[in-house]
Engineer: 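Questions regarding the structure given below will be posed in turn.
Computed from heavy atoms alone, side chains included, the values below leave out hydrogens, waters and symmetry copies.
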Amino acid sequence: MAHLRHIALSVPDPEKTAKFYEKTFGLKRVGTLDHNQASGVYLSDGVINMAVLRYKLDEVVYKEGGKDYVGLHHFGFWVDDLEETKRELEANGGSYLTGRPPPESEHANRFYEVKYFDPDGTVVDITESGWGGALKDVVSNEP
């Protein structure tokens, strides 16, 4: 089973974009990042994590326009079985891009993403450890 729990946007001003989503939709800030590839803000509605990122390097964007690209960059699924999902991705036309889980001894307590291209070239992340502010399983209150 896989659950859509992460969406990432490539934007020119992560702080401005984060404030828009906080004020307009009530998303909560759950983290920030600033490293050699990107800087940005992580937001959540309590179920799904959304990253608004300003990329610093063309080669990690995988889109025409490189670091100046604006729009949907990638999305991610929280999966039950990483190895099974990798096999399914490849069997259905996906291709490995980058990333791997940490050593098994650290696996459950460390964040990671494994990135694939879908058949159309869109980047898809998979993880068994989730994203900040996201919930793997959601229980419906509806009858």
Engineer: Is the shortest distance from a Lys or Arg side-chain nitrogen in Glu22 or Arg29 to a carboxylate oxygen in the other one below 4.0 Å?
Structural biologist: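 Salt bridge between Glu22 and Arg29, a charged N being under 4.0 Å from a carboxylate O: yes.
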
Engineer: Just so I know, are the side chains of Phe117 and Val123 near enough to count as touching, which here means a heavy-atom distance under 4.5 Å?
Structural biologist: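 Contact flag for Phe117/Val123 side chains = yes.
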
Engineer: Determine, using the 4.5 Å side-chain heavy-atom cutoff (strictly less than), whether Leu53 and Phe75 are members of one ILVMFWY cluster.
Structural biologist: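 No, Leu53 does not connect to Phe75 through the hydrophobic network.
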
Engineer: Check whether any side-chain heavy atom of Tyr96 lies under 4.5 Å from a side-chain heavy atom of Val114, and answer yes or no.
Structural biologist: yes

Engineer: For Lys86, is there an ion pair with Glu88 - N to carboxylate O distance below 4.0 angstrom?
Structural biologist: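 Salt bridge between Glu88 and Lys86, a charged N being under 4.0 Å from a carboxylate O: no.
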
Engineer: Show your reasoning for whether salt bridge (Lys or Arg N to Asp or Glu O under 4.0 Å) applies to Lys19 and Asp13.
Structural biologist: CA-CA 10 Å; Lys19 285 180 181 175; Asp13 185 340; over 6 Å; no

Engineer: Are any non-hydrogen side-chain atoms of Lys115 and Val124 less than 4.5 angstrom apart?
Structural biologist: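 They are not in contact (no side-chain heavy atoms under 4.5 Å apart), so the answer is no.
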
Engineer: Would you mind checking if Lys28 and Asp45 are paired as a salt bridge, meaning a charged N to carboxylate O distance below 4.0 Å?
Structural biologist: no

Engineer: Quick check: do Leu82 and Ile126 have side-chain heavy atoms less than 4.5 Å from each other?
Structural biologist: yes

Engineer: Would you check, one step at a time, whether the test side-chain contact (heavy atoms from CB on, under 4.5 Å) holds for Lys136 with Asp80?
Structural biologist: CA-CA 9 Å; Lys136 183 178 183 186; Asp80 291 334; 2.5 Å; yes

Engineer: Mind checking whether Thr122 and His74 have side chains closer than 4.5 Å, heavy atoms only?
Structural biologist: no

Engineer: Is there a donor-acceptor pair closer than 3.5 Å between any side-chain N or O of Ser44 and the backbone N or O of Gly133?
Structural biologist: yes

Engineer: For the pair Tyr62 and His73, name the ring-plane relationship: parallel under 30°, tilted 30 to 60°, perpendicular over 60°.
Structural biologist: tilted

Engineer: Indicate yes or no: at least one non-hydrogen side-chain atom of Ser129 is less than 4.5 angstrom from one of Tyr112.
Structural biologist: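 Yes; the side chains approach each other to less than 4.5 Å.
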
Engineer: Any side-chain heavy atom of Asn49 within less than 4.5 Å of one from Leu43?
Structural biologist: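 They are not in contact (no side-chain heavy atoms under 4.5 Å apart), so the answer is no.
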
Engineer: Can you tell me how far the CH2 atom of Trp131 sits from the NE2 atom of His6, to the nearest 0.5 Å?
Structural biologist: 6.0 Å

Engineer: Ring centres of Trp78 and His3 under 6.0 Å apart?
Structural biologist: no

Engineer: Could you tell me whether Asp58 and Lys67 have a side-chain N and a carboxylate O separated by less than 4.0 Å?
Structural biologist: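 Salt bridge absent between Asp58 and Lys67.
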
Engineer: Taking the basic N atoms (NZ, or NE/NH1/NH2) and the acidic carboxylate oxygens, is any pair closer than 4.0 Å for Asp68 and Arg54?
Structural biologist: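 Here Asp68 pairs with Arg54 in a salt bridge, since their nearest N and O are under 4.0 Å apart.
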
Engineer: Can you check whether His35's main-chain N or O pairs, donor with acceptor, with Lys56's side chain at less than 3.5 Å?
Structural biologist: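 Looks like yes, one N/O pair under 3.5 Å.
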
Engineer: Assign the ring pair Tyr21 / Phe25 to parallel, tilted or perpendicular, where the plane angle (0 to 90°) is split at 30° and 60°.
Structural biologist: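 Parallel: the ring planes of Tyr21 and Phe25 meet at under 30°.
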
Engineer: What distance do Leu33 atom CG and Tyr42 atom OH have between them, rounded to the nearest 0.5 Å?
Structural biologist: 4.5 Å

Engineer: State, yes or no, whether a side-chain contact exists between Phe77 and Leu4 at a heavy-atom distance under 4.5 Å.
Structural biologist: yes

